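Just so it is clear, the values below take in all heavy atoms, side chains as well, and ignore hydrogens, waters and symmetry mates. Keep in mind that what you see is a predicted model, and the values were worked out from it rather than measured. Quick note: residue numbers are just sequence positions, from 1.
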Amino acid sequence: MALKYFKPDTPAKRGLILVDRKELWKGKPHKFLTEKLKTAAGRNADGHITCRHQGSGVKKMYRRIDFKRLREDAVAVVLRIEYDPYRTAFIALVKYEDGELSYIIAPNKLAVGDKIVYSKNADIRVGNCLPLKNIPVGTIIHNVEMKPLKGFQVARSAGTYASIAGRDNGYVILKISSGEVRKFEEDCRAVIGSVSNIDHKNEKFGKAGRMRLKGIRPTVRGVAMNPVDHPHGGGEGKTAAGRHPVSFSGVPTKGYKTRDKKKSSSKYILTRRNSGKRK
């Protein structure tokens with residue numbers, strides 16, 4: 001997909017850059033693979049706002065994505081590539097030989113009519129799903145499992161991917177697009193290729209109204225608030241955030257690490273995403 005640039009005929013079009021989606025399916029999603037989700041607007045079960053700047057937005061239906069692909073050796077044909085309002089990547093509607101329909105995350109360069117399969121001995125081709133132990137070193141992959149048969153969790157958003165860097169005593173070493181190097185069990189599965197919509201990061205929406213349609217509300221700076229509203233608030237005139245900038249709830253920010261040092265999965269991380277020089 002390419003980018004669309006607009007002439008500044010109106011103020012809203014000045015600097016507007018969008019992804020050209022003319023090749024996507026223009027109809028409605030498959031009815032029996034959709035459901036309505038209740039929007040929480042950033043509130044938890046008690047009704048308290050735990051994630052600010054969320055609310056309103058246009059109505060949308062959730063597409064149920066198959067993040068497990070457990071049908072081994074069942075060949076599926078790609079019927080169409082669709083837009084999904086709940087995720088940055090595009091999705092693909094596939095049809096199995098017995099007529100069952102399913103949505104999957106669409107890899108980059110996957111086209112209508114292509115055949116995909118989950119098999120332990122499948123070809124190294126875009127869209128095919130294999131165990132990590134059967135994928136050659138250097139292959140670009142996405143939709144990686146963290147535990148065998150649990151479902152895809154890593155590298156699912158637009159343009160992301162991971163590459164196989166090596167093997168080590170029943171584990172496969174992956175380098176993720178964030179720069180993190182991590183070990184995965186060799187029986188975990190992954191899909192060949194990178195995730196679609198690689199130009200998503202280059203979009204510019206041009207006006208605040210487009211973000212409101214997406215359910216994102218305005219963000220007010222803490223230093224512009226009163227002391228009762230934010231730790232940075234108050235003061236005479238313009239004041240700096242202080243020697244120790246914090247979030248709305250008082251948690252230190254700008255480099256403060258919040259990951260639990262005793263987390264059991266830390267032993268699988270070989271290189272943190274923020275340490276060392278990214279390539």
Hydrophobic cluster membership, [X] vs [Y], 4.5 Å side-chain cutoff:
X      : Y      : result
Ile91  : Val94  : no
Leu93  : Val126 : no
Tyr103 : Tyr118 : no
Val220 : Phe248 : no

Would you check if the side chain of [X] reaches a backbone N or O of [Y] as a donor-acceptor pair within less than 3.5 Å?
X      : Y      : answer
Ser194 : Asn108 : no
Lys26  : Lys22  : yes
Tyr83  : Trp25  : no
Asp66  : Arg69  : yes
Arg156 : Phe152 : yes
Glu180 : Lys175 : no
Arg272 : Gly179 : no

When the side chains of residues 49-63 are checked against the rest of the protein, which donor-acceptor pairs come out under 3.5 Å, sequence neighbours left out?
unit_1, atom_1, unit_2, atom_2, d
Thr50, OG1, Gly42, O, 3.3
Gln54, OE1, Gly42, N, 3.4
Arg63, NH1, Met61, O, 2.7

State, yes or no, whether a side-chain contact exists between [X] and [Y] at a heavy-atom distance under 4.5 Å.
X      : Y      : result
Ile65  : Ile105 : yes
Val19  : Asn197 : yes
Glu186 : Asn169 : no
Lys4   : Ile17  : no
Leu37  : Tyr86  : yes
Met146 : Cys188 : no
Pro29  : Glu82  : yes
Asn202 : Leu3   : yes

Within this structure, what is the [atom1]-[atom2] distance for the pair [X] and [Y], rounded to the nearest 0.5 Å?
X      : Y      : atom1 : atom2 : answer
Ile216 : Arg210 : CD1   : CZ    : 13.0 Å
Ile192 : Leu110 : CD1   : CG    : 13.0 Å
Arg273 : Ser177 : CZ    : OG    : 10.5 Å
Ile176 : Thr160 : CD1   : OG1   : 9.5 Å
Leu132 : Arg167 : CG    : CZ    : 8.0 Å
Lys147 : Glu185 : NZ    : CD    : 8.5 Å

(message) Could you walk me through whether Ile269 and Arg259 satisfy the side chain to side chain contact (heavy atoms under 4.5 Å, CB included) test, starting with their C-alpha distance in whole Å, then the side-chain angles of each, then the deciding distance to 0.1 Å, before giving a yes or no?
(response) CA-CA 13 Å; Ile269 300 177; Arg259 181 180 174 90; 3.7 Å; yes

(message) Whether Arg182 engages the ring of Phe184 as a cation-pi pair (distance to the six-membered ring centre under 6.0 angstrom, angle to the ring normal within 45°) should be assessed.
(response)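 Judged by the rule, Arg182 and Phe184 form a cation-pi pair.
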
[X]: hydrophobic cluster co-members (side-chain, 4.5 Å):
X      : value
Tyr268 : Tyr171
Leu70  : Leu149
Ile173 : Val181, Leu270

Where is the tightest heavy-atom contact between [X] and [Y], given as atom of each residue plus distance?
X      : Y      : answer
Asn128 : Ala122 : ND2-CB, 4.1 Å
Gly127 : Pro107 : CA-CG, 3.9 Å
Pro231 : Ser247 : CG-O, 3.7 Å
Val195 : Ala89  : CG1-CB, 3.3 Å
Ala158 : His200 : CB-CB, 3.8 Å

(request) Would you please name every residue forming a ring-ring contact (aromatic ring centres under 6.0 Å, His included) with Phe6, sequence neighbours left out? (result)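 Checked Phe6 against ring-ring contact (aromatic ring centres under 6.0 Å, His included); zero matches.
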
(message) Checking Phe205 now: which residues fulfil ring-ring contact (aromatic ring centres under 6.0 Å, His included) with it, not counting sequence neighbours?
(response)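 Per chain and number, Phe205 pairs via ring-ring contact (aromatic ring centres under 6.0 Å, His included) with no residue.
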
(message) Holding to salt bridge (Lys or Arg N to Asp or Glu O under 4.0 Å), I want the full list of residues that pass it with Arg189, two or more places apart in sequence or in another chain.
(response)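 Checked Arg189 against salt bridge (Lys or Arg N to Asp or Glu O under 4.0 Å); matches are Glu145.
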
(message) Please enumerate all residues that pass salt bridge (Lys or Arg N to Asp or Glu O under 4.0 Å) together with Asp187, with sequence neighbours excluded.
(response)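 Asp187 satisfies salt bridge (Lys or Arg N to Asp or Glu O under 4.0 Å) with Lys133 only.
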
(message) Please list all pairs meeting salt bridge (Lys or Arg N to Asp or Glu O under 4.0 Å) that have one or both residues in residues 94-104, counting only residues at least two apart or in different chains.
(response)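 Listed by first then second residue: Arg71-Asp98, Arg71-Glu100.
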
(request) Determine which pairs satisfy salt bridge (Lys or Arg N to Asp or Glu O under 4.0 Å) with at least one residue from residues 109-127, sequence neighbours left out, and list them in order. (result)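 Salt bridge (Lys or Arg N to Asp or Glu O under 4.0 Å) check on residues 109-127 returns no pairs.
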
(message) Check this for me, if you would: do Asp84 and Arg87 make a salt bridge, where the nitrogen-to-carboxylate-oxygen distance has to be below 4.0 angstrom?
(response)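 A salt bridge links Asp84 with Arg87.
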
(message) Atom NZ of residue position Lys36 - does it have more than 12 heavy atoms of other residues, nucleotides or ligands inside 6.0 Å?
(response)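 Counting neighbours around NZ of Lys36, more than 12 heavy atoms of other residues, nucleotides or ligands fall under 6.0 Å, so yes.
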
(request) For Ala106, enumerate each residue passing the side-chain contact (heavy atoms from CB on, under 4.5 Å) test, keeping only those at least two apart in sequence or located in another chain. (result)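 side-chain contact (heavy atoms from CB on, under 4.5 Å) check on Ala106 returns Ile81, Phe90, Ala92, Ser196.
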
Return all side-chain donor-acceptor pairs below 3.5 angstrom for residues 135-144, not counting sequence neighbours, or 'none' if the list is empty.
unit_1, atom_1, unit_2, atom_2, d
Thr139, OG1, Pro136, O, 2.8
His142, ND1, Val191, O, 3.4
His142, ND1, Gly193, O, 2.6

